[in-house]
Structure formats: C-alpha cells, structure tokens
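In listed order, ligands and their atoms are each counted from 1.
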Amino acid sequence: MTNLRIPGPTPVPPDVLEAGARPMIDHRGRVFADILNRVTDRLKYFFQTKNDVYLLTCSGTGGMEAAVVNTLSPGDSVLVISIGAFGDRFATIAETYGAKVTRLNFEWGTAADPEEVRKALAADPAIKAVLVTHNETSTGVTNPLADIARVVREFDKLLLVDAVSSLGSIPFYTDDWGVDFAVTASQKGWMVPPGLAMVSLSQRAWDAYAQAKVPRFSLDVGKSKDYLGRGQTPWTPPVSVVFAMDYALEHLQREGLENIFARHQRIGDLTRRGVKELGLQLLADERVASNTVTAVKMPEGVEVKALRNLVEDEYDTVLAGGQGPLQGKIFRIGHLGAVTEGDIRSCLDVLSKALPRLGFAIPTGRSGG
Ligand SMILES: Cc1ncc(COP(=O)(O)O)c(C=O)c1O
C-alpha cells in the first residue's frame, strides 16, 4: 500500500473506509440523529470541552472562515499571529471580510513568542480578537498555544484558533486554555476522508456571535446550533464522511487521548532522529518542532521535485513539498492520524535509498532507521 506521508489527507484505514461505504440514509431521520449526536458528543472529549462541537460541510479553510464570519464585524481590529502559510491564510480571510488586521509575523520555521503577543496587544487596545495557528503545517512548527492563550486571556480578547493539524493528535485543551473558537478538519489526525470541519465555541464566542455583523449564511453556527438540537445539520452533510468519523472516533476513543498524544510524540521523535541520521537538517528548532509533520531542508544540489517524483514512482511513498517561500527548499513528512513507527521507518529507508541516487551522499554508518 502507498505510504502516504503528506500532512493530510492522511491514510484512511480500510475499516474506516468501509464504514464510510454504507448505503445512504435520511439525513433528517432518526438513525442519522443518533450518529450525529454520538459523533458530536465524542468530539467534545477530543476537544476537551464542555461546549457543543458542530460539523460544518467544508474543509479546514471553511472552518477558519466560520471563525471569522461568526465573531467579527467589518472594521474590527484583530491581531493575526503568523508563522507560515496557514497563519497568512487566516489573516487573508479576516481581511477579506473587512477586519483591520495587524499581522504579527515570525520567521518561517520558528514559533511565535508570547512576549511579542503581549507587546502587540498592549500597543493596540482596540484589538478585539487574536487569530493564531496552533500547528503550522507549512513549516512543521507547533506554537506555544497555552502560553499565547494565557496572554490573550490577560487582555480579555477573543481567541480564534486554527487547530486543523493538531487537534486530536497532540495536546490541545480547548476549555483549560480558554480557546474561544477551535477549528479542525476530518482529513487530518482523525484518519477520515476530507469533507468536514469541526468547530467549538465558548460562551465568549457566542456573545461575540450575537454582535457580529459580517454577513454569513451557510457557515452560520447559530443555524448549526439550532439544528443540532434536532439531531441534524442545517444543510445536507457529507453523510459518508460522518459514517467514517463515527467509526474512527470509536477507535480513537479506545486508544485514548493520552496514548494518542504519546504515539505522536514517539513518532515525531523517531522522524526527527531518522532524518538527522541521514545527514539532513530539520527546518525547525527541535524545541518547537511539530509532532504531526516534519519539515526537512533540501540538501544542496538535490531538487525537491526530483526526490518526490522518484520516491513516488519507484518506492510508492508520497512526500509533501514546501509552500510559498519554502517551495523548492524543503520537503515535508506527514506523521499524523493512522501512522505507525513502521510507516516512518519505511519512509526513512526509502529516503536512504533515493537520496544517493540523486547525488546526495549519506554519512557512512548511518542507517536512517
Ligand atoms: C494548519 C492548517 N490550517 C488550515 C488548513 C486548511 O485546511 P483545508 O485544506 O482542509 O481547507 C490546513 C490544511 O492543510 C492546515 O494544515
């Protein structure tokens, strides 16, 4: 089977795929209501929240857009913390809907500094909300969200978090950290096909919702709330994806959050160690390196495209490239969701074979495994 080592869509285990292949049912009927209630209840555990979790029929970007349109009004000042492509996307979405965006950018490959967040909030009391990426998939860096959230709470601002590639894989505590709007998506750590964004709102977010003037319709979470009370979604949901999610959550719950976090930590460590043993360099400082995706600097003289094509064509392994300014400079190994040590060892083994064919000399005595 293909070793799909991109940070989403992640591999979907055959039994989860099969669960998604059930015949259609009435999405406004009792059977679907039972499934929806079970899925959204289980998601509360993974979000670590007492609040309801809603399913939106869109990808993660739609979930980010939902955070903006449901809490902001045109002209609102917001602070967007960006450490890469997805932080930049959050800023663009907020600007698209008329927010006055202050961008707090950090060098790609580094994490945000909570002290700088404090300075930015102190400098502009008009800021209403802080938007931040928890795990920056484009650079393989995890932001110190607990610390950032503490600062945001000090200033009593709304905290909207893109947790698309972190929630359900690495520690994320919605209520304890005081995250007001959390967003994730089905094709990441959940080992489910794409098609669903999952979001939760705090009471503070609902208070903002009541005041928010950005136009909204299909992403209006108020409608999701009304319909969830009836065991429905406002619009036709991706029924097959919900079936798959129902099944996957049962498995994930059996594994348990702490075990899932420990597995991702172990696999992240294994990936970083293996990459370094091959004589390659990590993009991120290991103290902030992500346990769901690893960004690797491309060695001098080897083309990312050539490496990705070679490993896909001859070793049935798929790697991700770089985005934006990192295009052609890094490749990325995804390791979230249904991933085992064996998948990573196999990927490292493939790299140890493919890189020398492209002219990169692996240090002698290094196995890569
Ligand atoms: C951190 C992060 N945010 C947002 C997104 C966007 O999600 P989607 O591609 O599902 O719209 C992704 C997906 O790659 C992501 O990794």
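Contact annotation: for V164 versus ligand 1, heavy atoms closer than 4.0 Å belong to the side chain alone.
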Stepwise side chain to side chain contact (heavy atoms under 4.5 Å, CB included) check, L307 with E303
CA-CA 6 Å; L307 176 67; E303 270 192 25; over 6 Å; no
Steps toward side chain to side chain contact (heavy atoms under 4.5 Å, CB included) verdict (L160, V130)
CA-CA 6 Å; L160 316 182; V130 176; over 6 Å; no
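The shortest distance between side-chain heavy atoms of F331 and L351 falls below 4.5 Å. A 4.5 Å side-chain heavy-atom check between P114 and R150 finds every atom pair outside the cut-off.
In summary, the atoms of ligand 1 found under 4.0 Å from a heavy atom of M64, numbered by their order in the structure, are 4 (C). Interface atoms of ligand 1 facing S165, defined by a heavy-atom separation under 4.0 Å, are 1 (C), 16 (O). In the vicinity of S59, heavy-atom distances shorter than 4.0 Å reach the ligand 1 atoms 8 (P), 10 (O), 11 (O). Heavy-atom proximity to N135, at under 4.0 Å, picks out these atoms of ligand 1: 1 (C).
No side-chain donor-acceptor contact under 3.5 Å links R103 and N105. A donor-acceptor contact closer than 3.5 angstrom is absent between the side chains of T174 and T49.
Residue T137 has at least one N or O atom closer than 3.5 Å to an N or O atom of ligand 1. Geometrically, ligand 1 and G60 share a nitrogen or oxygen pair separated by less than 3.5 Å. Residue-to-ligand polar distances place D162 within reach of ligand 1: an N/O pair is separated by less than 3.5 Å. The shortest N/O to N/O separation between T133 and ligand 1 does not fall below 3.5 Å.
In this structure, E136 falls outside the shell of residues with a heavy atom less than 4.0 angstrom from ligand 1. Heavy-atom distances between R89 and ligand 1 reach below 4.0 Å in at least one pair.
Nearest protein neighbour of atom 9 (O) of ligand 1, counting heavy atoms only, is Q187 NE2, 4.0 Å. Nearest protein heavy-atom neighbour of atom 12 (C) of ligand 1: F86 CE2, 3.3 Å.
When the heavy-atom distances from atom 14 (O) of ligand 1 to K188, E65, Q323 are ranked, the shortest goes to K188. Comparing L196, I6, T61, L336 by heavy-atom distance to atom 6 (C) of ligand 1, the nearest is T61.
Checked for salt-bridge contact, E255 and R263 meet the test: a charged N lies under 4.0 Å from a carboxylate O. By the 4.0 Å N-to-carboxylate-O rule, D52 lies too far from K225 to be salt-bridged with it.
For the atom pair CG of D246 and CZ of F32, the computed distance is 9.5 Å after rounding to the nearest 0.5 Å. Between the OG1 atom of T271 and the CZ atom of R273 there is a distance of 9.0 Å, given to the nearest 0.5 Å.
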